[in-house]
Amino acid sequence: MHQQKRQPELVEGSLPVFVFPTELIFYADDQSTHKQVLTLYNPYEFALKFKVLCTTPNKYVVVDAAGAVKPQCCVDIVIRHRDVRSCHYGVIDKFRLQVSEQSQRKALGRKEVIATLLPSAKEQKEEEEKRIKEHLTESVFFEQSCQPENRAVSSGPSLLTVFLGVVCIAALMLPTLGDMESLVPLYLHLSVNQKLVAAYILGLITMAILRT
């Protein structure tokens, strides 16, 4: 006997809610922004009921504040700002979208969207440009403040470099193996290969000193 596959029971508040955008910005001087659209997506295999709540419902008109979304479909929710006044500039309001299964009352998931009224889109753009310029100015100042310190660190060769240079010069001045007329003890006589290595190291040290 064929049994219908049951949907696993979901815990209240555990279902992810997909809404775009997650922030609404209204501009007082641009009437085209006084009407915004929220899109609620339902990527699941079952239908969802939704309800839109607001912290300040007297400032907004929500078209179709409640409804349903078919499986793997989306629905647009229109929100209009109806109280555009200077006393509301910069105030952050919140919308909450609650979703549930059509056969249940408990909210399986919720998502909050913030809404802000700003005086002008132009002022907002100028403010963003100002912040970018300040950031660039701070970056240049930071690099300039570091340069003297870098020069001080690299003002001269380290003691280890000088010591290695002196050792290489001394090695080149020692007699070569086979030089019987030298008064230097035999154990201090170096082979040609050893002197070549000393000369190579001395060349690297010289290049390092010249770069600093």
Side-chain angles (χ1 to χ4, degrees), residues 7-146:
Q7 181 71 28
E9 187 175 353
L10 295 169
V11 180
E12 184 174 358
S14 65
L15 188 72
V17 179
F18 300 92
V19 180
F20 181 83
T22 57
E23 180 179 7
L24 301 177
I25 300 179
F26 303 87
Y27 296 105
D29 65 344
D30 187 355
Q31 289 190 358
S32 65
T33 66
H34 296 178
K35 174 184 174 182
Q36 303 271 353
V37 177
L38 280 178
T39 302
L40 174 63
Y41 298 89
N42 179 11
Y44 305 106
E45 300 292 336
F46 51 91
L48 291 176
K49 292 189 303 183
F50 71 88
K51 181 187 295 185
V52 182
L53 307 176
C54 183
T55 55
T56 52
N58 58 313
K59 292 166 60 176
Y60 303 93
V61 175
V62 181
V63 181
D64 297 330
V69 193
K70 295 179 180 179
Q72 299 180 351
C73 292
C74 63
V75 64
D76 290 335
I77 304 168
V78 178
I79 298 177
R80 292 190 179 94
H81 202 304
R82 64 178 180 182
D83 195 2
V84 180
R85 291 185 293 168
S86 59
C87 60
H88 298 316
Y89 291 169
V91 178
I92 297 177
D93 302 318
K94 292 183 180 181
F95 290 91
R96 174 178 288 179
L97 279 84
Q98 292 185 173
V99 300
S100 60
E101 279 192 280
Q102 291 204 354
S103 59
Q104 298 182 3
R105 285 188 175 184
K106 64 180 181 180
L108 295 180
R110 58 179 62 90
K111 182 76 172 182
E112 290 188 352
V113 177
I114 63 175
T116 312
L117 175 65
L118 299 177
S120 172
K122 182 179 179 182
E123 291 182 9
Q124 177 74 3
K125 184 177 180 181
E126 291 176 352
E127 184 67 23
E128 291 178 357
E129 290 177 352
K130 182 180 178 181
R131 286 200 298 266
I132 292 174
K133 289 180 181 179
E134 289 177 352
H135 177 70
L136 292 175
T137 303
E138 290 175 358
S139 298
V140 173
F141 178 80
F142 178 77
E143 292 172 1
Q144 290 175 344
S145 65
C146 286

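In this text, all values refer to a predicted model and were calculated from it rather than measured experimentally.
The side-chain heavy atoms of L53 and R110, taken from C-beta on, include no pair separated by under 4.5 Å. The shortest distance between side-chain heavy atoms of L108 and V17 does not fall below 4.5 Å. With contacts defined as side-chain heavy-atom distances shorter than 4.5 Å, the pair I25/T33 does not qualify. Proximity of V99 to V69: side-chain heavy atoms (C-beta onward) are nowhere separated by under 4.5 Å. Side-chain contact between C73 and V75 is absent, with no heavy atoms from C-beta onward closer than 4.5 Å.
The CD atom of E23 sits 13.5 Å away from atom CD of E112, with the distance rounded to the nearest 0.5 Å. Here the CG-CG distance, from L15 to N42, works out to 8.5 Å after rounding to the nearest 0.5 Å. F26 CZ to I79 CD1: the interatomic distance, rounded to the nearest 0.5 Å, is 6.5 Å. Atom CG in L40 sits 11.5 Å away from atom NZ in K111 (nearest 0.5 Å).
Counting non-hydrogen atoms of neighbouring residues, nucleotides and ligands closer than 6.0 angstrom, the CD atom of Q31 reaches no more than 12 such neighbours. Heavy atoms from other residues, nucleotides or ligands lying under 6.0 Å from NZ of K49 number more than 12. Sparse packing is recorded around CZ of F20, with 12 or fewer heavy atoms of other residues, nucleotides or ligands lying under 6.0 Å away.
None of L117, T116, L38 except one satisfies the side chain to side chain contact (heavy atoms under 4.5 Å, CB included) rule with L24; the exception is L38. For the ring-ring contact (aromatic ring centres under 6.0 Å, His included) with H81, the qualifying choice from Y60, F95, Y27 is Y60, the only one to do so.
Residues P16 and Y44 come closest through the heavy atom pair O-OH, 2.7 Å. Of all the heavy atoms in L97 and V52, the pair that sits closest is CG-CG2, 4.2 Å. The shortest heavy-atom contact between P71 and A47 is CG-N, 3.6 Å.
Looking at R82, its side chain never comes within 3.5 Å of a backbone N or O of H34 through a donor-acceptor pair. Under the 3.5 Å distance criterion, the side-chain polar atoms of T55 are matched with a main-chain donor or acceptor of K94.
Legend: side chain to side chain donor-acceptor pair (under 3.5 Å) pairs involving residues 62-80, not counting sequence neighbours, sorted by first then second residue: T39-D76, E45-Q72.
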